[in-house]
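Structure record follows, encoded as structure tokens.
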Amino acid sequence: MLGLEYATGPEWVQAVLPHRAALLIEQAHLEKKAASSAISFLFRYPDEISLQAPLAELAREELEHFEQVLALLAVRGIRFGRQKPGTYAARLTSIIRPKEPDRMLDHLLCNAVIEARSCERMRLLAQGLAEVDPELAEFYRGLLGSEARHHGLFVELAKGVHPPEAVEARLEEILAHEAGILSAAGPRPRLHS
Ligand SMILES: [Fe+2]
Ligand SMILES: [Fe+2]
């Protein structure tokens with residue numbers, strides 16, 4: 001999957017299982033954040049025609065996921081609210097270069113890596129929860145279908161506006177950077193930590 005360099009181990013799943021409520025609240029925030037990030041591309045790069053419709057569709061999908069998570073939280077009597085954000089996204093995006101067009105490329109690729117990591121961990125959750133919480137396992141499986149498409153979409157969009165070799169080379173660097181962040185972090189009961 002996108003050549004993630006750090007493989008999340010089974011100890012992560014074991015660590016998160018007792019924290020399902022916090023994990024679901026985080027999931028809601030992540031979906032909302034993903035929608036907001038896609039919309040911010042539309043505002044920042046209105047002249048990049050190839051980004052517009054795919055990212056508008058992606059934003060809609062992420063907002064639908066947000067609504068689905070909110071509904072599940074309500075069913076489970078879990079109150080949605082603020083949550084102290086993890087440091088993963090901030091640390092990952094610290095690699096984004098400030099000048100265009102590098103900035104756009106790095107941003108698209110960071111989003112690709114975030115989607116790929118979500119996808120990897122949601123798949124682990126779908127498997128790990130199958131026995132203990134089949135309803136939740138099914139829920140993560142349902143979200144997975146879209147997330148599996150999203151990471152490829154960001155790479156594809158990047159290749160539409162930047163030379164494909166440059167995209168591949170930069171993706172390697174960002175994947176190595178992301179692996180460094182996760183291996184230094186140790187397992188935390190969050191999808192992104
Ligand atoms: Fe999503
Ligand atoms: Fe996504």
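Read the numbers this way: they start at 1 and go in the same order the structure lists the ligands and their atoms. All of these numbers come straight from a predicted model, not from anything done at the bench.
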Minimum-distance N/O/S atom that His150 presents toward the Fe ion (ligand 2):
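So the atom name we want here is ND1.
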
Taking the N/O/S atoms of Glu147 one by one, which is nearest to the Fe ion (ligand 2)?
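When I compare the N, O and S atoms of Glu147, OE1 is nearest to the Fe ion (ligand 2).
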
Short check: any N/O/S atom of Glu62 below 2.8 Å from the Fe ion (ligand 1)?
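Yes, since at least one N, O or S atom of Glu62 sits under 2.8 Å from the Fe ion (ligand 1).
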
Parallel under 30°, tilted from 30 to 60°, perpendicular over 60°: which one fits the rings of Phe41 and Phe154?
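Aromatic pair Phe41/Phe154 classed tilted.
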
Classify the ring geometry of Phe80 against His29: parallel below 30°, tilted from 30° to 60°, perpendicular beyond 60°.
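If you compare the ring of Phe80 with that of His29, the planes turn out tilted.
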
Do any N/O/S atoms of Cys119 come under 2.8 Å of the Fe ion (ligand 2)?
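No.
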
At less than 2.8 Å, would any N/O/S atom of Glu115, backbone or side chain, sit next to the Fe ion (ligand 2)?
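For Glu115, the answer is yes, given that an N, O or S atom comes within less than 2.8 Å of the Fe ion (ligand 2).
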
At the Fe ion (ligand 1), what angle lies between atom OE1 of Glu31 and atom ND1 of His65, rounded to 10 degrees?
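If I round to 10°, I get 100°.
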
Which atom pair, heavy atoms only, marks the closest approach of Cys110 to Ile95?
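Shortest heavy-atom separation between Cys110 and Ile95 comes out as SG-CG2, 3.9 Å.
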
Leu42 versus Gln52, closest heavy-atom pair with distance:
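The answer is CD2-O, 3.5 Å.
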
Expected output: side-chain Gln83 to main-chain Ala22 donor-acceptor under 3.5 Å:
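Answer holds: yes.
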
